Engineer: 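After the structure tokens below, expect a handful of questions from me.
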Amino acid sequence: MSTCYQKSLRAFLEHESVIKTKHQAKELHARLIRTMAPVSAILNSKIISIYSNFNLLQDSLTLFNTIDSPQPTKAWKSIIKCYASSGLFLNSLTSFNEMRSVGRIPDRNVFPSVLKSCVQLRDLRLGESVHGCVMRLGLDCDLYTGNALMNMYAKLQLPKAQQPFDEFPERKKQVGSFRNSWMGINHPDEVNVHLISGVGLKDMTEKPIEMEALGMDTVRKVFQTMPIRDVVSWNTIIQGNVHGGRYKEALGMLREMGNSDLMPDSFTLSTVLPIFSKYVDLKKGKEIHGFAIRHGFDGDGFIGSSLIDMYANCTRVEDSYKLFSLLPQCDAVSWNSIIAACVQNGRFDEGLELFRQMLRADIEPLGHSFSIIMPACAHLTTLTLGKQLHAYIIRTGNVENLYVASSLVDMYAKCGNIKNAWWIFDNMEIQDSVSWTAMIMGYAMHGHAHDAISLFEEMQMAGVQSNSVVFVAVLTACSHAGLVNEAWKYFSTMTQNHGIAPELEHYAALADLLGRAGRLQEAYDFISSMHIKPTGSVWSALLSACRVHRNFEMADKVAKEIFKIDPEYTGAYALLSNMYGAAGSWKEAQKIRITMRRKGMKKKPACSWIEVKNKVHAFVAGDKSHSFYGQINEALQDILEQIENEGYVPDTSEVPHDVDEEQKRYAVSTHSERLAIAFGIISSPAGTTIRVTKNLRVCVDCHTAIKFISRTMGREIIVRDNIRFHHFKDGNCSCGDYW
DNA sequence: GTAGGGTTAG
């Protein structure tokens, strides 16, 4: 081998960046072995460095182990970095530890990797020790190290729920044992970092809320002491504020960043976009969009999905679609964004269709994807589809994911399968307030008020913080079972013991309960004394109670209140007109209907749907459009005849039309839920449970008829109306006729 | 060394 060749080898090694591929790296190594045996530790370290830059962990390690100890600092640094970028964070930190124990001094290049490992392992105390080490070595002035430190504090001092890697509980165990060994070694360079953050560790674990603010304080302190800052520094501190929900501070930093002559980059933009999404500030969001286009960032996938999300949050789903179609390439996250855009705007069918398209495009769904799509199944009551997705979730190993599991609990509960909901809930490794709420709400909707309440008590015993949503669930449970005293108790507990201000939903639930219990005046006074202005829908809970209890005087009073607040509230007009119609006050009913027509209001058509053979079939009252209408109608007439023989007498008292009895009977007999049930009966094997969903309340006559059908046809029939579930079995309904 | 999407109510 010529000296010339050796020279070129040396040249390569001195300029590592000349090596462009893994292949070149290996070739270089091979030549080195052939020409220069034995290779010096320094040269081997250079090769390790090259290998580690290509993330060739095994090659780096093999070579590292051939070097007689003590290995050079450069070799250690490469190994630490390579471990960290291969996701082996624990090994990375162990190596860092070993490196120091053999007396090698870490330098500025190694700390970013080490701090990254602390973040990934979610170990704040370890991170603080590393910070101490940084300070001791006087490296806290280093730009990269400073940025990494800020990132570490910003990430690790968020509330637990927002921290990354919740899904790896086994990591926590590893960290625990590792930390013990780590803490046992008292390096001289481990200064007490609490002097910097100004808070003791004990306080940090015991006061989670303050901890968050103090964490940001530490980030700011690091930021302020940095002699030089670049875009990354600004992005990191802005990001920290955004994740902590301090949007004003984040936007303030953004402005300051501009003042210091630094241009926002794509990171900055996609970090601040969620703020405008949360604020539903379309104008500002569009400004960012414009800025992105002008600076050529609009093809960026990160910005793309933030924009899709922002437009969707401002209910501009069409704009979300447009952005999605313009993205140069779509990954799972962009798909998730557009699917969420649909689902969160009530476009469930489109969401499901997009999900299918995503699978067809060979994009593997992630845990996120399932928790986004599951509410669509829950809303549409597509139990079969939900089960298929559940199976898919198990296959893809996402069943442990907290969000996914909670969405499954909700889906099963909303699809009428409360047993499966409980099974999922009960088997969850950890449950958060959302999981508990989904389960409590599930029981509430199914009329199992006592299960709901005891579950709520259990949740509190488990130390899970209550929030306003879980109280909506508890009050709903009381409401569906007529538990007036319990409801009052929880309402006052919520405000007095938990310091949660009642919101419209809480008022509505209680007003509904009082109304249905016949305590109309009490409900009226309650709504009148609300500390926030009641909306039409709060009053309308009382209005429908007036209808049930046939109290016209109160109904008029309530209707006036509603029209004062919201003259366009269609529901109230419809309710009132039905009420008068049913009572035979045709003139009054007519007057209201004329008003509605003049205002261009349309009653929401009653609609029921049923899933048969993985397809959803929808029916509206008197609907003849279904391709099997002939058979459905025949079956329905047949069923009616049978149940009349069993003693069913049609109750037409709620029919709000001025027509003769025969026509009234016909009207109730073709209500949408009956069509759906009849279709379910003829298209499923005998004995199968029938599940029907309706967008409005079940009428009294249908409720009676379905009870008969369940006995006569020997079917369990589960009907979800717009407020709750009715389980019809053997001639009874789970609601005990109270709904 | 910095970035995107999620579950419960209405």
Side-chain angles (χ1 to χ4, degrees), chain A residues 84 108-109 111-116 119 142-152 154-155 161 230-240 242-243 264-274 277 297 300-310 312 327 331-341 343-344 346 365-375 378 398 401-411 413-414 425 428 431-442 444-445 467-476 503-506 508-509 535 537-538 722-723:
Chain A
R108 67 188 64 211
N109 300 318
F111 282 106
S113 300
V114 174
L115 288 163
K116 177 183 170 182
V119 171
D142 177 58
L143 175 63
Y144 278 52
T145 306
N147 286 345
L149 276 171
M150 282 201 296
N151 183 46
M152 189 270 293
K155 291 272 161 59
D230 65 356
V231 189
V232 177
S233 327
W234 286 94
N235 288 346
T236 307
I237 195 164
I238 291 171
Q239 165 80 5
V242 172
H243 273 183
D265 63 3
S266 63
F267 282 68
T268 328
L269 300 189
S270 63
T271 302
V272 296
L273 264 170
S277 176
F297 294 136
D300 183 289
F302 284 82
I303 293 181
S305 54
S306 308
L307 282 169
I308 291 171
D309 183 58
M310 187 276 294
L327 279 181
D331 61 4
V333 177
S334 355
W335 279 98
N336 285 349
S337 299
I338 189 65
I339 294 170
V343 174
Q344 285 156 12
L366 307 163
H368 271 115
S369 321
F370 293 113
S371 52
I372 291 163
I373 199 63
M374 207 49 77
N398 282 300
N401 184 311
L402 177 65
Y403 287 84
V404 175
S406 300
S407 72
L408 277 172
V409 170
D410 182 57
M411 184 278 291
K414 290 222 173 86
F425 177 81
M428 285 171 75
Q431 295 114 335
D432 69 354
S433 66
V434 175
S435 341
W436 287 93
T437 306
M439 195 61 227
I440 293 169
M441 196 62 193
M445 286 187 302
N467 58 29
S468 79
V469 186
V470 76
F471 276 102
V472 174
V474 172
L475 292 173
T476 306
E503 292 162 26
L504 284 171
E505 289 77 13
H506 306 104
T535 57
S537 70
V538 176
N722 59 340
I723 15 186

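Convention: sequence-line order gives letters A, B, ...; per-chain numbering from 1. Every heavy atom of this structure was used, including side-chain atoms; hydrogens, water molecules and symmetry mates were not. Only a predicted model underlies this, so the values are computations on that prediction, with no experimental measurement involved.
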Engineer: Check whether any side-chain nitrogen or oxygen of Lys414(A) sits under 4.0 Å from OP1 or OP2 of dT7(B), and answer yes or no.
Structural biologist: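 Answer is no, no contact under 4.0 Å.
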Engineer: Answer yes or no: is there a side-chain heavy-atom contact under 4.5 Å between Val470(A) and Ser433(A)?
Structural biologist: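 With C-beta onward as the side chain, the pair stays apart.
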Engineer: In chain order, what residues pass the side-chain hydrogen bond (donor to acceptor under 3.5 Å, both in side chains) check against Ser113(A), with sequence neighbours excluded?
Structural biologist: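 For Ser113(A), no residue satisfies side-chain hydrogen bond (donor to acceptor under 3.5 Å, both in side chains) once neighbours in sequence are set aside.
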Engineer: Do any side-chain nitrogens or oxygens of Gln344(A) fall under 4.0 Å of OP1 or OP2 in dG6(B)?
Structural biologist: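 Answer is yes, contact under 4.0 Å.
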Engineer: With hydrogens left out and only the distance checked, is there a donor-acceptor pair under 3.5 Å joining Ser406(A)'s side chain and the base of dT7(B)?
Structural biologist: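 Flag set: donor-acceptor pair detected.
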Engineer: Looking only at heavy atoms, which two atoms of Gln431(A) and Leu402(A) are closest? And how far apart?
Structural biologist: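 Looking at all heavy atoms of both residues, the closest pair is CA-CD1, 4.2 Å.
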Engineer: Would you indicate which nucleotide in dG4(B), dT8(B), dG6(B) comes nearest to any side-chain atom of Gln239(A)?
Structural biologist: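 That would be dG4(B).
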Engineer: Could you work out which one of dG5(B), dT2(B), dT8(B) sits closest to the side chain of Val434(A)?
Structural biologist: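 Nucleotide nearest to Val434(A)'s side chain: dT8(B).
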Engineer: Between dT7(B), dA3(B), dG5(B), spot the one nearest the side chain of Ser407(A), thanks.
Structural biologist: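 Within the option list, the nearest is dT7(B).
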Engineer: What pairs with Ser270(A) under side chain to side chain contact (heavy atoms under 4.5 Å, CB included), at least two apart in sequence or on another chain?
Structural biologist: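 Checked Ser270(A) against side chain to side chain contact (heavy atoms under 4.5 Å, CB included); matches are Phe302(A), Ile303(A), Ser306(A).
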Engineer: Nearest whole Å is fine: how far is dT2(B) P from Leu149(A) CG?
Structural biologist: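 Between P of dT2(B) and CG of Leu149(A): 12 Å.
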Engineer: Select base, sugar-phosphate, or nothing to describe what Gly146(A) touches, counting heavy atoms under 4.0 Å on all strands.
Structural biologist: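 No contact.
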Engineer: Report yes if at least one side-chain N or O of Gln431(A) is closer than 4.0 Å to OP1 or OP2 of dT8(B); otherwise report no.
Structural biologist: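 Result: no.
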Engineer: Of all the nucleotides listed (dG10(B), dG6(B), dG4(B)), which has the minimum atom distance to the side chain of Val333(A)?
Structural biologist: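 The listed nucleotide nearest to Val333(A)'s side chain is dG4(B).
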Engineer: Between His243(A) and dT2(B), does any side-chain N or O lie under 4.0 Å from OP1 or OP2?
Structural biologist: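 His243(A) to dT2(B) OP1/OP2: no side-chain N or O under 4.0 Å.
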Engineer: Specify the separation, in whole Å, of atom CG of Leu327(A) and atom P of dG4(B).
Structural biologist: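 Going from CG in Leu327(A) over to P in dG4(B) covers 16 Å.
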Engineer: Counting the atoms with a prime plus P, OP1 and OP2 as sugar-phosphate, which does Gly304(A) contact under 4.0 Å by heavy atoms, base, sugar-phosphate, or nothing?
Structural biologist: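 Result for Gly304(A) = nothing.
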Engineer: Would you kindly give the NE2-to-C1' distance between His368(A) and dG6(B), to the nearest whole Å?
Structural biologist: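 Rounded to whole Å, this separation is 5 Å.
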Engineer: Need one value for Thr145(A): base, sugar-phosphate or nothing, where a base atom within 4.0 Å counts as base even if backbone is also close, heavy atoms only.
Structural biologist: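 Result for Thr145(A) = nothing.
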Engineer: Whole-Å distance between dG5(B) P and Ile303(A) CD1?
Structural biologist: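 Between P of dG5(B) and CD1 of Ile303(A): 13 Å.
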Engineer: Search all heavy atoms of Ser334(A) against all heavy atoms of Ser305(A) and return the closest pair with its distance.
Structural biologist: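 Taking every non-hydrogen atom into account, CA-CB, 4.4 Å.
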Engineer: Would you classify Val472(A) as touching base, sugar-phosphate or nothing, given that sugar-phosphate means primed atoms plus P, OP1 and OP2, and contacts are heavy atoms under 4.0 Å?
Structural biologist: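 It contacts sugar-phosphate atoms only.
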Engineer: Let me know the distance between CG of Asn467(A) and P of dT8(B), rounded to the nearest Å.
Structural biologist: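 Distance check: Asn467(A) CG to dT8(B) P gives 13 Å.
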Engineer: Would you call the rings of Tyr403(A) and His368(A) parallel, tilted or perpendicular if under 30° counts as parallel and over 60° as perpendicular?
Structural biologist: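 Tyr403(A) vs His368(A) ring planes: tilted.
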Engineer: Within this structure, what is the CZ-to-P distance between Phe302(A) and dA3(B), rounded to whole angstrom?
Structural biologist: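 Those two atoms, CZ and P, are 9 Å apart.
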Engineer: Scan Leu366(A) against the nucleic acid and name what it touches under 4.0 Å (heavy atoms): base, sugar-phosphate only, or nothing.
Structural biologist: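 Base contact.
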Engineer: Can you find an N or O donor on one side and an acceptor on the other, under 3.5 Å apart, linking the side chain of Asp309(A) with the base of dG4(B)?
Structural biologist: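 Flag unset: no donor-acceptor pair detected.
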Engineer: Any donor-acceptor pair under 3.5 Å joining the side chain of Ser371(A) to the base of dG6(B)?
Structural biologist: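 Yes.
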Engineer: When you check the phosphate oxygens OP1 and OP2 of dT2(B), does a side-chain N or O of Asn151(A) lie under 4.0 Å from one of them?
Structural biologist: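 Looking at the OP1 and OP2 atoms of dT2(B), one of them is under 4.0 Å from a side-chain N or O of Asn151(A).
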Engineer: Go through the side-chain N and O atoms of Asp432(A) and Ser435(A) and say whether any donor and acceptor fall under 3.5 Å apart.
Structural biologist: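 Yes, side-chain donor-acceptor contact under 3.5 Å.
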Engineer: Rounded to the nearest angstrom, tell me the gap between atom CH2 in Trp234(A) and atom C1' in dA3(B).
Structural biologist: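 Rounded to whole Å, this separation is 18 Å.
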Engineer: Using a cut-off of 4.0 Å on non-hydrogen atoms, how would the nucleic acid contact of Ser270(A) be classed: base, sugar-phosphate, or nothing?
Structural biologist: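 Here Ser270(A) touches the bases of the nucleic acid.
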Engineer: Between dA3(B), dG4(B), dG6(B), spot the one nearest the side chain of Asp331(A), thanks.
Structural biologist: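 Nearest listed nucleotide: dG4(B).
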Engineer: Specify the separation, in whole Å, of atom CZ of Phe267(A) and atom P of dG4(B).
Structural biologist: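 Atom CZ in Phe267(A) sits about 10 Å away from atom P in dG4(B).
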